[in-house]
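The block underneath contains the structure these notes are about, expressed in structure tokens.
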Amino acid sequence: MAAPIVRSVRELMRLVDFALVPRRHRHKKKWAATEPKFPATQLALQNFDMTYSVQFEDLWPSIRVSLLSEQKYGALVNNFADWDCVSARLEQLNAKDFVSEAISHWELEAQSGHSAAPSPAYSPNLRCFTFARGDVSRFPPSRLGSLGVMDYYLMDAASLLPVLALGLHPGDTVLDLCAAPGGKTLALLQTLCCGNLAANDLSTSRTGRLQKVLQSYVPQDIREKNQVRVTSWDGRKWGELEGDTYDRVLVDVPCTTDRHSLYEEENNIFQRSRKKERQMLPMLQVQLLAAGLLATRPGGHVVYSTCSLSHLQNEYVVQGTIELLANQYSIRVQVEDLSHFRKLFMDTFCFFQSCQVGELVLPNLMANFGPMYFCKLHRLT
Amino acid sequence: VLNLHRQIPLTWVCLAKLMPHLGEQKRTAVSLFRKLTTTSNGEGLEELPLIGSKKHVQELKCRADLVHCLPEKQRLSVDGGPLTLEKVVCSLLHMGFSDAHINELLSIQPHASPQQLLDVISEFILLGVNPEPVYVALKKSPQLLKMPVGQIKKRSSYLRKLGLGEGKLKRVLHSCPEIFTMRQRDIDDVIQVLKEKCLFTMQQVTEILHRCPNVLQGNPSELEYKFQYAYFRMGIKHVDIVRTEFLKYSLTKIKQRHIYLERLGRYQTPDKKGQTQIANPLLKDILRVPEAEFLAKTACSSAEEFVVFKKLLAREEEEEPESSTSTEEEEEEEGEEEELC
């Protein structure tokens with residue numbers, strides 16, 4: 001009795017299904033033979049070959065092989081853990097804290113009077129261990145320390161540079177406009193300078209990850225005392241939400257994530273279906289940077305950063321935004337010179353020598369960090 | 001044994017003193033005889049006039065017979081001792097070995113009878129191999145001296161059947177003396193892989209054995225993988241695999257250099273029509289050149305970067321799941337090229 005009913009229902013369903021698509025639109029789907037399928041990683045590589053070989057000329061092959069090979073990591077020591085113990089353990093692995101190395105090296109030179117360079121403004125208290133040039137050792141996964149928080153955070157060491165460049169002072173009010181997955185936000189907290197930190201990211205799933213990172217690295221009382229506020233708003237509207245508020249703003253925008261796009265198929269920005277989105281990226285980046293600048297108080301600083309090599313997403317965005325702010329809001333913004341920064345960390349990273357504004361870390365097999373572009377902006381009015 | 005050792009230098013010094021001129025003459029004669037045998041398979045008849053007049057040739061043939069007969073005669077003499085040793089040294093000199101070489105040859109296997117040594121060596125000389133390569137091969141793999149002569153004969157006739165005639169055998173013996181000592185089944189396995197799995201023609205197989213004899217030493221399944229890597233991953237056709245002696249290089253070296261070039265963007269796997277968007281470097285510039293030259297001219301990269309790359313690649317291979325035997329074809333083809341953003 002039941003069987004015929006089921007069958008007739010199924011029959012009906014099929015009829016309905018047919019009825020939904022008008023006969024004139026019904027067609028037999030073509031098989032893959034006529035429609036070549038390219039993995040998005042392949043498309044990304046083709047795209048890079050086209051644009052970057054022009055942009056970087058002779059440097060491109062070396063960057064290419066580095067992007068396609070395993071990247072290096074840095075271990076950001078958690079200051080809320082037993083940090084000197086952790087540092088000692090990392091030193092035993094033959095890793096060195098590249099920040100303190102660079103600073104002490106610079107101080108030595110300053111004492112001997114070789115360089116008359118001004119004291120570089122960098123965010124204090126950051127300790128990040130890396131292996132020497134050409135050393136391909138890996139860090140063991142981070143462990144839960146005795147104080148109930150993880151002892152270090154593994155991240156691309158170049159990601160620390162934007163935070164270092166931001167030059168935090170104790171008690172600063174800080175905004176991280178595109179915070180997830182949380183490496184840079186954590187680094188901002190590690191400076192122990194944030195009087196107030198607002199961490200925002202548009203996607204709630206990504207802010208979820210950010211929350212998790214903060215929970216496992218930062219004790220609860222500090223999270224509350226520092227008033228870490230995690231939000232999921234549209235960063236582009238920040239200028240209207242909280243204009244002229246922050247001392248320091250980090251704008252680490254969504255980009256083509258060059259290294260990531262070359263090996264991760266899932267959610268790849270180079271998928272055909274995301275072409276429009278990709279083409280709109282520079283526009284989005286300009287809007288986010290503009291919002292970041294608007295949220296800064298006059299006299300405050302903004303660091304713009306991407307992990308892309310593309311000029312279109314780096315220098316052009318910075319220059320475009322400065323122009324936009326000058327024309328539409330009559331706000332004067334100045335690019336800060338970071339060449340001393342480049343000299344400071346020359347031993348650890350391979351910098352691109354001819355950026356018009358900002359600095360760009362190029363991946364290199366000897367020091368396979370980056371790509372990382374960062375540019376420091378000073379809001380004058 | 002001690003006694004024997006003391007005698008050797010004495011004997012050859014005496015011999016050398018007695019007939020220095022004679023010895024030299026004979027050496028030249030034997031070297032000419034060698035040419036004769038190499039050409040005697042009929043392919044290189046045009047080389048004959050170089051040797052000299054017909055009369056001279058006939059004379060040489062007589063001497064060749066002499067060389068051939070000597071061991072047989074000696075085989076009849078029952079006991080070893082100084083007499084046989086002297087005769088062995090004498091006939092080795094006859095074949096064109098230098099005094100120093102003979103001395104060394106005799107000391108390779110002090111326990112083996114000099115008669116055995118002479119038998120084995122004369123077998124190789126008859127195969128058309130020069131004294132020098134014979135010496136090198138024996139020095140490299142002394143176990144050859146332990147082989148029964150019958151087995152050497154059998155193996156060499158088999159190698160002839162494979163197409164490794166007199167001239168070609170020299171190179172094979174030089175780089176892979178094991179071809180005489182290894183098991184017949186192992187040789188057959190390699191040949192079967194080349195013929196049936198890699199689909200080389202018999203002529204190509206002969207050529208491969210001649211040019212890259214070390215394929216015999218390797219594992220047949222590794223050989224097959226190496227072929228597949230060349231054919232599918234690098235897009236090299238059979239003819240070129242043979243011509244460029246591809247199979248003689250180690251898979252590690254091939255992968256290191258090829259993948260390095262590929263990631264640098266200097267090598268592309270050809271598509272179905274054999275086309276690439278960039279001009280690939282020649283195979284000889286990738287594999288045959290020393291590393292410094294490869295880096296300077298082909299890869300245009302620094303040595304320190306390549307060192308790091310090799311470390312990274314080794315780790316990648318190590319950590320890769322065991323699926324690498326399946327071929328990874330279909331690299332990039334012409335796709336829609338879009339401007340970035």
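Proteins get letters first, then strands, A, B, ... in listed order; numbering begins at 1 in each.
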* Asked: When rounded to the nearest 0.5 angstrom, what is the spacing between CD in B:E304 and CG in A:N364?
  -> 8.0 Å
* A:Y73, OH: over 12 other non-hydrogen atoms inside 6.0 angstrom -> no
* Around B:K195, counting heavy atoms of other residues, nucleotides and ligands shown, do more than 12 lie under 6.0 Å from its NZ? -> no
* In plain terms, say whether A:E70 and B:R263 are close enough for a salt bridge, that is, a side-chain N and a carboxylate O under 4.0 Å apart. => no
* Structure fact -> When the 4.5 angstrom heavy-atom criterion is applied to B:Y260 and chain A, the contacting part is both
* Asked: Nearest 0.5 Å, what's the CG-OG distance between A:L365 and B:S301?
  -> 7.0 Å
* Asked: Does a sphere of radius 6.0 Å around CD in B:Q203 hold more than 12 heavy atoms from other residues, nucleotides or ligands, not counting ones at 6.0 Å or beyond?
  -> no
* Can you tell me if OH on B:Y231 sees more than 12 non-hydrogen neighbours from other groups inside 6.0 Å? -> no
* Structure fact -> When every non-hydrogen atom of A:S62 is compared with those of B:E305, the smallest separation belongs to OG-OE2, 3.5 Å
* **More than 12 heavy atoms of other groups within 6.0 Å of A:R143 CZ** => no
* Asked: Is the backbone N or O of A:S137 less than 3.5 Å from a side-chain atom of B:K311, with the two atoms forming a donor-acceptor pair by type?
  -> no
* **Any side-chain heavy-atom pair of B:E262 and A:R64 under 4.5 Å** => no
* To do: Heavy atoms only: give me the nearest B:V308-A:M366 pair and the separation to one decimal.
  => CG2-SD, 3.7 Å
* Should we count NZ of B:K146 as having more than 12 external heavy atoms under 6.0 Å? -> no
* Structure fact -> For B:E316 and A:S69, the nearest pair of non-hydrogen atoms, with its separation, is OE2-CA, 4.4 Å
* To do: Flag yes if more than 12 heavy atoms outside B:K248 fall under 6.0 Å of its NZ atom; otherwise flag no.
  => yes
* Nearest 0.5 Å please: distance from the CG atom of A:L68 over to the CG atom of B:L312. => 12.0 Å
* Name the option with the most non-hydrogen atom pairs under 4.5 Å to chain B; the candidates are A:R138, A:E277, A:K276. => A:R138
* **Heavy-atom neighbours of A:M283 CE exceed 12 at 6.0 Å** => no
